[in-house]
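Below is one structure, written out as structure tokens; comments come after it.
Values reported hereafter were calculated over all heavy atoms of this structure, with side chains retained and with hydrogens, waters and symmetry mates removed. Protein chains get the first letters and strands the later ones, always in sequence-line order, with residue 1 at the start of each.
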2 protein chains.
Amino acid sequence: MIEHITSSQEDYLEAILLIQKEKKVVRVKDIAEYFIVKGSTVNETLNNLKKRGYIIQEKYGYIELTQKGTRIARNVYRKHTLLTKFIQNILGVSAKTAEDDACKIEHHLSKETLDNILHFIEFTDRELKRKYDIKKNFHEYIHTKLDSK
Amino acid sequence: MIEHITSSQEDYLEAILLIQKEKKVVRVKDIAEYFIVKGSTVNETLNNLKKRGYIIQEKYGYIELTQKGTRIARNVYRKHTLLTKFIQNILGVSAKTAEDDACKIEHHLSKETLDNILHFIEFTDRELKRKYDIKKNFHEYIHTKLDSK
DNA sequence: TAATAAAGTTAGGGAACCCTAATAATAATT
DNA sequence: AATTATTATTAGGGTTCCCTAACTTTATTA
């Protein structure tokens, strides 16, 4: 048996957390719709996650995160949110694309880079805002550039 | 047969381009060392790339990119370089980590985000450098923050 | 409640990646 | 040139992720 968790499996845990927040209970069908895959695919991954103690699910029943699963889900969600904010607010990318990109790269960035992104956000938010209005300048610049294409 | 090229396959093409630049000829062994995988694994992927016309290789011979393969390799390399520069110079991440992260996420970012990163680099390089010295400020800030941990 | 609909599970297959072990071919060395 | 060492290839296995089709269980509703 494999000990290591994959990016896809982390995404499943995050999805379960998000669906739980919104719909109270989580079903195979919800996850299948979330990732736009078939139920049988979800089932397979869930069995894997079950085996390793990240989720609990009775046969034909609802899906729940264990403590272990919740910890990972929250962690992924935090990174996801951070990255989305960065890509959207700092880089000036549209909300939808920022969300998509964040989701794809959240598993692949080192702690060092994530920390620096966090600091970048904090820095631009708190320090630079009044001093130079860099975000405003940058966004104006970006939009001018892109619109003129 | 599948038409779509995977991230890993794109990385192979880029690696072949880089090895070619440095060593004139590209062998299975070079690629295996580059990715730290076994020769048999490389062989398998190369067969796939051959079938689809991205590379040419005679049995037991050197590996060469086709036009089609070169186009993709250069494209990946360009993205890779751009991202490394961004992560290293703008975010202030160490060279090695920036390189690693760039390699991992280069396949997953939308054109929109990449364009904005490019503009960000251009913007900070050309416009802000004299005006506010933001890069310098930011790096000082980051390093103070990180050192104090 | 019985019949239909919806959701979950199982079985069987395919593609990408990765490995080990065995074999074939090429390179290097004595 | 013949032997040894290095490289490349093939064969056989394993995991993840995704699918279709068949089947079971749970929900709905007539």
Distance below 4.0 Å between [X] side-chain N/O and [N] OP1 or OP2:
| X | N | value |
| --- | --- | --- |
| A:Asn48 | D:dT15 | no |
| B:Arg52 | C:dA16 | yes |
| A:Thr41 | D:dC17 | no |
| B:Ser8 | C:dC17 | yes |

Which part of the nucleic acid, if any, lies within reach of [X] when heavy atoms closer than 4.0 Å are counted: base, sugar-phosphate only, or nothing?
| X | result |
| --- | --- |
| B:Lys29 | sugar-phosphate |
| A:Gln57 | sugar-phosphate |
| B:Thr6 | sugar-phosphate |

> Should the pair A:Phe86 and A:Phe120 be assigned to parallel (<30°), tilted (30 to 60°) or perpendicular (>60°) ring geometry?
Replying inline: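 Judged by the thresholds at 30° and 60°, the geometry between A:Phe86 and A:Phe120 is perpendicular.
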
>> Walk me through whether A:Tyr12 and A:Phe35 qualify under ring pair (Phe, Tyr, Trp, His ring centres under 6.0 Å).
In response: CA-CA 9 Å; A:Tyr12 268 68; A:Phe35 291 115; 4.7 Å; yes

Starting from [atom2] on [N], measure out to [atom1] on [X] and report it in whole angstrom.
| X | N | atom1 | atom2 | value |
| --- | --- | --- | --- | --- |
| A:Ile36 | D:dC18 | CD1 | C1' | 14 Å |
| B:Asn43 | C:dA21 | CG | C1' | 15 Å |
| B:Tyr34 | D:dT7 | OH | P | 20 Å |
| B:Tyr12 | C:dA16 | OH | P | 13 Å |
| B:Lys38 | D:dG13 | NZ | P | 20 Å |
| B:Ile5 | C:dC17 | CD1 | C1' | 15 Å |
| A:Lys23 | C:dA7 | NZ | C1' | 13 Å |
| A:Lys59 | D:dT25 | NZ | P | 7 Å |

>> Ignoring hydrogens and geometry beyond distance, is the side chain of B:Ser40 in donor-acceptor contact with the base of C:dT20 at under 3.5 Å?
In response: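 Under the 3.5 Å cut-off, the side chain and the base do form a donor-acceptor pair.
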
> Do the side chain of B:Thr84 and the main chain of B:Glu99 share a donor and acceptor less than 3.5 angstrom apart?
Replying inline: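 Absent.
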
>> Ignoring hydrogens and geometry beyond distance, is a side-chain donor-acceptor pair present between B:Arg71 and B:Asn75 at under 3.5 Å?
In response: no

> What nucleotide, of C:dC17, D:dT9, C:dT9, holds the atom closest to the side chain of A:Tyr60?
Replying inline: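 Closest of the options to the side chain of A:Tyr60: C:dT9.
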
>> Can you tell me which nucleotide in D:dC18, D:dT16, C:dC18 comes closest to the side chain of B:Val37?
In response: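 Comparing D:dC18, D:dT16, C:dC18 against the side chain of B:Val37, the answer is C:dC18.
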
>> Which is more 5' along DNA chain D, the nucleotide nearest B:Ile63 or the one nearest A:Glu44? Just name the residue.
In response: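 Nearest nucleotide further toward 5': that of B:Ile63.
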
> Closer to the 5' end of DNA chain D via nearest nucleotide, is it B:Asn47 or A:Thr45?
Replying inline: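 Residue closer to the 5' terminus by nearest nucleotide: B:Asn47.
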
> Any side-chain heavy atom of A:Tyr77 within less than 4.5 Å of one from A:Lys21?
Replying inline: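 Side-chain contact under 4.5 Å: yes.
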
